[in-house]
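Let me begin by presenting the structure, written as structure tokens, before commenting on it.
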Amino acid sequence: MKPSPFRALCLAVLVGICMNRDVCSASQAETEVVARLLALLLSSGRVVLAHNQPLINDATKGEKGFTAAAFEAQVVEEFKKRSGGIDLRQLDAVMIPDKGKSLLQALLAAGQEVIDGKQAIINERFLGYKNVIPATWGTWTSQKFSQRNHVLLKQTALDYRNPNNAPDEFETRILRKFAAPDYPREGQQVLSEVTNGGKTLRLMLPLYHKKDCLVCHGTPKGEIDISGYRKEGHREGEAAGAISVAIPLSE
Ligand code: HEC
């Protein structure tokens, strides 16, 4: 179905991304919505992993019940909160292009597959840290998702740990904006641009350090954290990085 410019504009206004009637084509506005939702979904999965971290790391417990189904149920709830009420189990009712719906479903499925594939280690007893954390889940999930779809999804940072997460030129420029002390820390303030001569929509969702993050990314700088990397010396509220999405724009 060809989306009407009016509907696209409504959608765009609804999610507060692209407000200028003159510069937003219908397809661009809708693609932007989809990119934002994909970033929010990856971010929601990260939050669910973080909530379950004490359970996952519990060395006194074998079977933990953190199955792909349990994970899915929690992500659905978290995403509903973050997206202003979108139910991943009832996407039919949501006004986004069908392509966007299938991308969201594919991302959720990739995230579940990762959790499913880690059941043996998650349920290991007498083992605390298992390297199943928001960042590794995010890396594995976005790799699976990006390989299967014509959409790039990744986590990135200026002082990245995983070389596969290194920012490109566009990402570096946006990450610097996110790091500015006056950039809003609340409200999921994404930035997006059309790049590649009008062919690609790129969008980034910033991540800021909270207390929980600093166990690994905090001080003292240079000390080895539980995951085996050197702590970056960050403080609460500082920019941690971003979730980055690149989607081809249909002509
Ligand atoms: C248990 C230690 C640990 C905690 C806690 C942690 N991280 Fe990380 N973080 C890592 C590891 C390990 C990686 C590298 C993951 C990979 O291999 O892709 C990473 C990677 C990242 C990246 C991707 C860029 C890069 O460095 O490769 C971002 C962004 C990030 N973390 C942000 C956060 C935020 C925000 C929090 C808190 C909500 C957080 N991290 C909490 C260990 C941690």
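Atoms considered below: every heavy atom in the structure, side chains included; atoms not considered: hydrogens, waters and symmetry mates. Order of appearance sets the numbers: ligands from 1, and atoms from 1 within every ligand.
- Under the 3.5 Å distance criterion, with hydrogens and angles disregarded, a donor-acceptor pair is assigned to the side chains of T139 and Q155.
- Summary of contacts: the protein heavy atom closest to atom 20 (C) of ligand 1 is A135 CB, 3.5 Å.
- Using modelled atom types and a 3.5 Å distance limit, the side chains of T219 and R235 yield no donor-acceptor pair.
- The proximity of T156 to ligand 1, defined as any non-hydrogen pair under 4.0 Å, is limited to the backbone.
- A donor atom on one side chain and an acceptor atom on the other are found under 3.5 Å apart for E232 and H217.
- Among the backbone and side-chain atoms of H217, an N/O/S atom is found under 2.8 Å from atom 8 (Fe) of ligand 1.
- Scanning all protein heavy atoms for the shortest distance to atom 4 (C) of ligand 1 gives C216 SG, 3.3 Å.
- Atoms of ligand 1 found under 4.0 Å from any heavy atom of N165, numbered from 1 in the order shown, are 18 (O), 23 (C), 24 (C), 25 (C), 27 (O).
- For the residue pair S227 and R161, a side-chain donor N or O sits within less than 3.5 Å of a side-chain acceptor on the partner.
- Looking at Q155 next to ligand 1, no N or O pair under 3.5 Å apart turns up.
- For H234 and D159, the side-chain atoms include at least one donor-acceptor pair closer than 3.5 Å.
- Both cation-pi conditions hold for K118 and W140: the charged atom is under 6.0 angstrom from the six-membered ring centre and inside a 45 degree cone around its axis.
- Nearest protein heavy-atom neighbour of atom 37 (C) of ligand 1: C213 SG, 1.9 Å.
- Atom 22 (C) of ligand 1 is never approached by the protein to below 4.0 angstrom, counting heavy atoms only.
- The parts of N162 lying near ligand 1 are both backbone and side chain, judged by heavy-atom distances below 4.0 Å.
- Given atom 25 (C) of ligand 1, the protein heavy atom at minimum distance is R161 N, 3.2 Å.
- Within ligand 1, counting atoms from 1 as listed, the ones closer than 4.0 Å to a heavy atom of I226 are 1 (C).
- Residue R46 places a heavy atom less than 4.0 Å from ligand 1.
- Less than 4.0 angstrom separates some heavy atom of T139 from each of these atoms of ligand 1: 16 (C), 18 (O).
- Atom numbering of ligand 1 starts at 1 in the shown order; those under 4.0 Å from a heavy atom of A157 are 24 (C).
- Less than 4.0 angstrom separates some heavy atom of D212 from each of these atoms of ligand 1: 5 (C).
- Side-chain atoms of N52 and Q74 include a donor-acceptor pair closer than 3.5 Å.
- Heavy-atom contacts from other residues, nucleotides or ligands closer than 6.0 Å to CD of E223 number more than 12.
- At a 3.5 angstrom cut-off on N or O pairs, T136 does not count as close to ligand 1.
- No continuous path of hydrophobic side-chain contacts links V75 to I133 [ILVMFWY only; heavy atoms under 4.5 Å].
- Exactly one residue among N196, D168, T195 makes a side-chain hydrogen bond (donor to acceptor under 3.5 Å, both in side chains) with R202. That residue is D168.
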